[in-house]
Structure formats: C-alpha cells, structure tokens
Protein chains: 2
Amino acid sequence: MPRPRLADVAAAAGCSTASVSLVLRGEPGPSEATRDRVLAAAEQLGYRPDRAASLLARRRSGMLGVVTDVRSTFHAELVEELLDASARRGFDLLIGARSPARDEERAVETLIDSRCEALLLLGTSGPAERLVALDGQVPVVAVSGRAGGVDGVRVDDERGTREATEHLLALGHRDVVHVDGGAGEIAADRCRGYVAAMTAAGLAPRVLRGGHGEADGAAAAADLGGATAVTVFNDRAAVGLLDALVRAGVRVPADVSVAGFDDSPLARLAHVDLTTVSQDVPALVANALDLVVARLDGVRAERREVVLAPRLVVRGTTSAPP
Amino acid sequence: MPRPRLADVAAAAGCSTASVSLVLRGEPGPSEATRDRVLAAAEQLGYRPDRAASLLARRRSGMLGVVTDVRSTFHAELVEELLDASARRGFDLLIGARSPARDEERAVETLIDSRCEALLLLGTSGPAERLVALDGQVPVVAVSGRAGGVDGVRVDDERGTREATEHLLALGHRDVVHVDGGAGEIAADRCRGYVAAMTAAGLAPRVLRGGHGEADGAAAAADLGGATAVTVFNDRAAVGLLDALVRAGVRVPADVSVAGFDDSPLARLAHVDLTTVSQDVPALVANALDLVVARLDGVRAERREVVLAPRLVVRGTTSAPP
DNA sequence: TTGTAAGCGTTATCAT
DNA sequence: ATGATAACGCTTACAA
C-alpha cells in the first residue's frame, strides 16, 4: 500500500481533489458535510500531504532556512528560540548545519534548493558581496553577525567588548590583552571595542590571534605575557583559555581575570562562572523574524540593520589584579 | 528575472530539456558538444535545479533526516560526524531539531514531509509502537537510544554504567548512588548496569530521580545523603550535579566522586575533567549509515541492532573515598 | 457548493 | 544522440 494521495482521499470521500485540498488546508468553501467526510477519509487513510508537490504548486513554502554552526551552544540557543518563535508566526524551520567540513555556502544551497522562503544566517562572516548576491535570490537576515549589505540583527559588539574592557580597567587592571576571533566583521568589531577602551584610558592595546573555538583560546594562553586580564572574542574561546590556564596552574581570577562574550550556557556553569557579555536571544530572534516577515510581505526594500544593546554580566572570573 | 528553469537552459543551449537534465546530472548519453553548450548555458544563467520538482519527479530524494535534541552537545558531535559521513555516501542531511517545546513527533513530520528517505533518531526514547509505525513509512534507525522494534546502533549502555560503577567500587567506595535519566529505555539500561554492579558487590543500590539536563543533575545534589560517589545518566546532568556540589562547597573528588556518560566535549574541559563513559561517535555513525543504506537498497528486511562496546575514560572527578 | 483542468519544474519513457 | 511527452501530487482559477 503506497502512500495515499489527495486523489485517494477524494475517492474515499466521494468528492473532488479540489474539495479535499480546500478542506485539508482549512480554506472556506466546502460545506460542513463534505468537510466531515473528507476529514474522516484522510484520517482513516493516514493521509499526509506531500510537501514537494505542495511546494511545487504553491508559490510560498512556509519554510525558513537557518544556517548554524553545529558546535556553537550559543547558536543552539538561538535555534531553540527560533523553533518557538517561528512556529508562532506559522513558519516551519529547516536547519542547515555547517561544520568545519561543510561550509556555509553548501548549507545555504541545500536550504535554497528546499525552497526556503528566507534565510537566517547565524554568526555569518561571509564576504558582503556573497551575501548580497544571495539576498538577490532570497531574503537574507544575518543574525548575530556583521551583515555586509543585507538585513541584520546583532548586539553592538564593539560596545560589548568596550564595556567588558572598561570593567577590567575599573577593577584596576592596566595590562589587559584581547584574544580576537580571527577574520570576520564581528571579530573586528569586538576587537575595536577593546582598542577603544584601552586607548581612551591611555593604555597600549595588545591583541593576540585567536578564533571561535576552545582550541583557539587555549592556544593564546601561552602568549599572555605579563597580562593580568584578558577579554576574549567569545565564551567558547574564553573557556578554552580558562582551561589552558587551569592546566598551567594559573589561578583565575587571582592571577588573571578573563571575560568572554555571548553569555552561552557554558558561561553560566558554576565551574566556569565566566564574566561575559550577554546577547538578548529572544530579542535577537524576534527582530530577525520581523525583518524576514517584512521582506516577505514586500513591505520594504531598503536594507535595515537592528543593533541591540549588549549587557555585561559580571561573574567570578574577573577581580582586581594581584 | 525569475529563477531560471530547465527549459530556459534548454532554450539557451539550443536543445531539449531532456538533454539538459541528463547533462546536469552527469548521466551518460549526450555528446561532448551538447555537454559543453548546456554547461555553459546553465552557468551563464546561474541555473540551480529545483529540488521540490526534482523530488516529485524522482523516486528517491537522496536526503536523510536527522532528529536531534538542540541542547545536546553529544548530539552535535553525532551531527557533525553525520554531515561528513553521509556526504561521502552521497546523501544530503536535513536536520529536524527538537526542543522542550517541539517534540520528536513534530520534527519527524517535517522531515517526512520533506521526503527524507530514511530517518536517524538521535537519543530517541519514543515508545516502540510509535517507532515501529514510523518504520512502516520510512526506514528508521535509532542512534544512541534503545530501539524498540526498529534498527538501532548504540553502545552497550548497561555495560557502560556497570564499568563506571565497578571503577568506583574498585577505588574503595561503598555508598555509591545513581542519578537516573528519567523515563526511557536508555535510562533504564544505564540504571540496570549500576544496579548489577552494586548487587554483584553485595551492596544495596540507591537510585535518585534525575533527567537529561543540567537542571536535573543539579536537583539531585540535595538528595545525595552520605554517598561518597555518584554515577550519573549523562554528562550534562553530571555537570549540573558537579555545579550544584561546587556551589554547596562540596569538593570533587575529595568529598564525592562523580562519573558521567557520553564523553561529551563538556567532559573534556579541564574545568570539568569528568570521568565518563565514551561512546565511539565515528563508529556509531558509520554503523547507522550502513543500516540505512542496507534498508534503502532493500537488501534486508529483518530488524538489526548493533551494540558497540563502551569505553571508560577515567579523569579527575573520581578518586578514593575520603 | 463542487468539479474540471491547467499549471508548477523535473525525470523518465519512448520514439525518432 | 536527441526530442516529445507523460508522469509526479498538489494548488487554483474557472466552470458548472
């Protein structure tokens, strides 16, 4: 017994496929009597509409594509919130996972080929021209990543690290270094915030090469020199750094203070208890969906960027210098 | 300029849609000359095949659906490996995320409607009858979860906790408790392993109600009583427990030893440094894909379950009792 | 209110 | 080797 089709339901209900289609989608038209018969027949046959066929026949798919970094717990938080928020707006979510071995472009292709109506790129660092080209095909919203030429929602990254740095300076630190996030606009922004705070305090900034992952943070531990405090690109790298410091017998925050960025679940663990910069996930998501819906409804053509305020969360990894 | 279709490419290349289709899919038939013209035309028009249409016309979709718990870093590891391994076998992956607010059944629906050829359920705890019913529609493989009536790949969970418990007993602990994973077959298995080890040692087992998340583990901290060692359902709950203990001023492992399960990235952090039971992710994934492919090729009808050996990883959270 | 039929963009069959 | 043309399963005017 092959998967039942619309025609099978129509036959069983004794009406046309058109009526069945209308009933199943809750469209007005069919009478109460046919409604009942159709519903009963569909139920009895275990009918499930074929999305591929539906997509083909319809203009809209009702699906949103999300590209995430599988490894990021911060992205996992965003996805969890998106799952909820998009369902409330009647959209279904398709997740395109990217990993070191499968870059954003490939994930995007799968999503586009699956007819997603819009794309939400989490933490993208793609070059502006690629994003703009993509945006030509389908509305693109960069979430928590510097949007080069496309719609975007993000917290003020520069201000975030600036405040984190100022927090360390206020504690009395003078030799504060920054472990950056490698290439990418967000990394540059966060680095800029650090530099701004240091310069404003009349101190010389020192930036170490880092990255997005634990390993990147850990690698930077060796180059800290005499620094008494560190601001790190994100929580993951900060945890890596913390990790390396602990292994090396360095006490945190007694010897070195560390501040991260994201306020990921990781940072909240009592073991880690990381001072960090919080991004308001529900607000990020709500704004992103607003942008998507606005574009989809054709209300707006010009590019828009929403910048939310970061919030410094002081925890146990920062204290006065030794 | 609407999205170019196959017909547009055909027109530009001066041949039929059939030829274009063959060329684009690399099927033999068309001559070298038409090949070149078609490829050039497609490239020039920026043509991308429409998956929905392709799915409709084809029997197979080449897509595998994966249902994961967004919050689980262990699942993230599995997905990362799956991304690679399935691509190597020519399959594309569609991720259906489940969260507290969106259960497995809903994720499965989306995946099936998207025409996935087979489903990989990560850490499912669904009732056997539902899985079997699902398996009637599309091949289902339960990965790292007790498969009730469907194909499955998992490590020997019972043996895992049994070995962890034996490790604690060998260290000299007598009062060892287990924080279980709530309902579900895997939780029951792991609990059984603990009970077996305790019973074999002539000790009375004591099981505390737990769950899959950090909060569940943390909640169990209050009920430890005089126990000097704990085996926990998984690493996440173990980290939550660790967390609560640290906050309460209990030293680990000096006062209490803790062992987890999964060997998730979390466990490997120096801050956590959790003794745990490792599941061989690449092997889990490779076997799961083997099962899927075998079913898809119609080679096999009977149900098969692959059980891999767990591996105890002793780290810093376990030591002799105080 | 209900049914008929023309797409939607590919793939696959079957002539040519 | 190539080109019509019929599926594929659903949506949606348009008729009845």
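Below, chain A is the first sequence line, B the second, and so on; all start at residue 1.
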Counting N and O atoms only, with roles assigned by atom type, does the side chain of A:D135 sit under 3.5 Å from a partner on the main chain of A:V150, one being a donor and the other an acceptor?
no

Polar atom pairs (N or O), protein with nucleotides 14-16 of chain D, under 3.5 Å:
none

Between the side chains of A:E77 and A:S264, does any donor sit under 3.5 Å from an acceptor?
no

Verify the distance criterion only: is there a donor paired with an acceptor across the side chains of B:R25 and B:S21 at less than 3.5 Å?
yes

Identify, with sequence neighbours excluded, every residue that meets side chain to side chain donor-acceptor pair (under 3.5 Å) alongside A:D8.
none

To the nearest 10°, let me know how far the axis at one end of the helix from C:dT1-D:dA16 to C:dT16-D:dA1 is tilted from the axis at the other, five pairs an end.
40°

Does anything in residues 7-25 of chain B reach DNA chain C, meaning a heavy atom under 4.0 Å, and if so which residues?
B:A18, B:S21, B:R25

B:L56 CG to D:dC8 P, in whole Å, measures 9 Å

Can B:D92 and B:L64 be said to form a side chain to side chain contact (heavy atoms under 4.5 Å, CB included), step by step?
CA-CA 6 Å; B:D92 219 331; B:L64 262 27; over 6 Å; no

Before accepting this row, confirm whether a basic side-chain N of the pair A:E105/A:R130 lies closer than 4.0 Å to the acidic partner's carboxylate O.
yes

Side-chain donor/acceptor of A:S16 to backbone N/O of A:S19, under 3.5 Å
yes

If the condition is side chain to side chain donor-acceptor pair (under 3.5 Å), which residues does B:T68 pass it with, not counting sequence neighbours?
none

I want to verify a distance call: between D:dG9, C:dT11, C:dT10, whose nearest atom is closest to the B:R5 side chain?
C:dT10

Taken to the nearest whole Å, CZ/B:R51 to C1'/C:dT10 is 13 Å

Can you check the B:L6 CG to C:dG9 C1' distance for me, whole Å?
8 Å

Output for pair (A:Q44 CD, A:L39 CG), nearest 0.5 Å, gives 13.0 Å

Electrostatic pair B:E104:B:R106 at N-O distance under 4.0 angstrom:
no

As a test of reading the structure: which of C:dA12, C:dT10, C:dG7 is closest to the side chain of B:R58, going by heavy atoms?
C:dA12

May I have the step-by-step check of salt bridge (Lys or Arg N to Asp or Glu O under 4.0 Å) for A:R295 and A:D290, ending in yes or no?
CA-CA 9 Å; A:R295 281 288 297 281; A:D290 284 345; over 6 Å; no

Over how many whole Å does the gap from A:D50 atom CG to D:dA7 atom C1' extend?
14 Å

Figure out the CG/C1' separation between B:L55 and C:dC8, and round it to whole Å.
14 Å

Taking only heavy atoms on the protein side, list every residue of residues 27-49 of chain B lying under 4.0 Å from any atom of DNA chain D, sorted numerically.
B:G29, B:P30, B:S31, B:T34

From B:D113 atom CG to A:R48 atom CZ, the distance as rounded to the nearest 0.5 Å
4.0 Å

Starting at CG of B:L55, measure out to CG of B:D50 and round the result to the nearest 0.5 Å.
8.5 Å

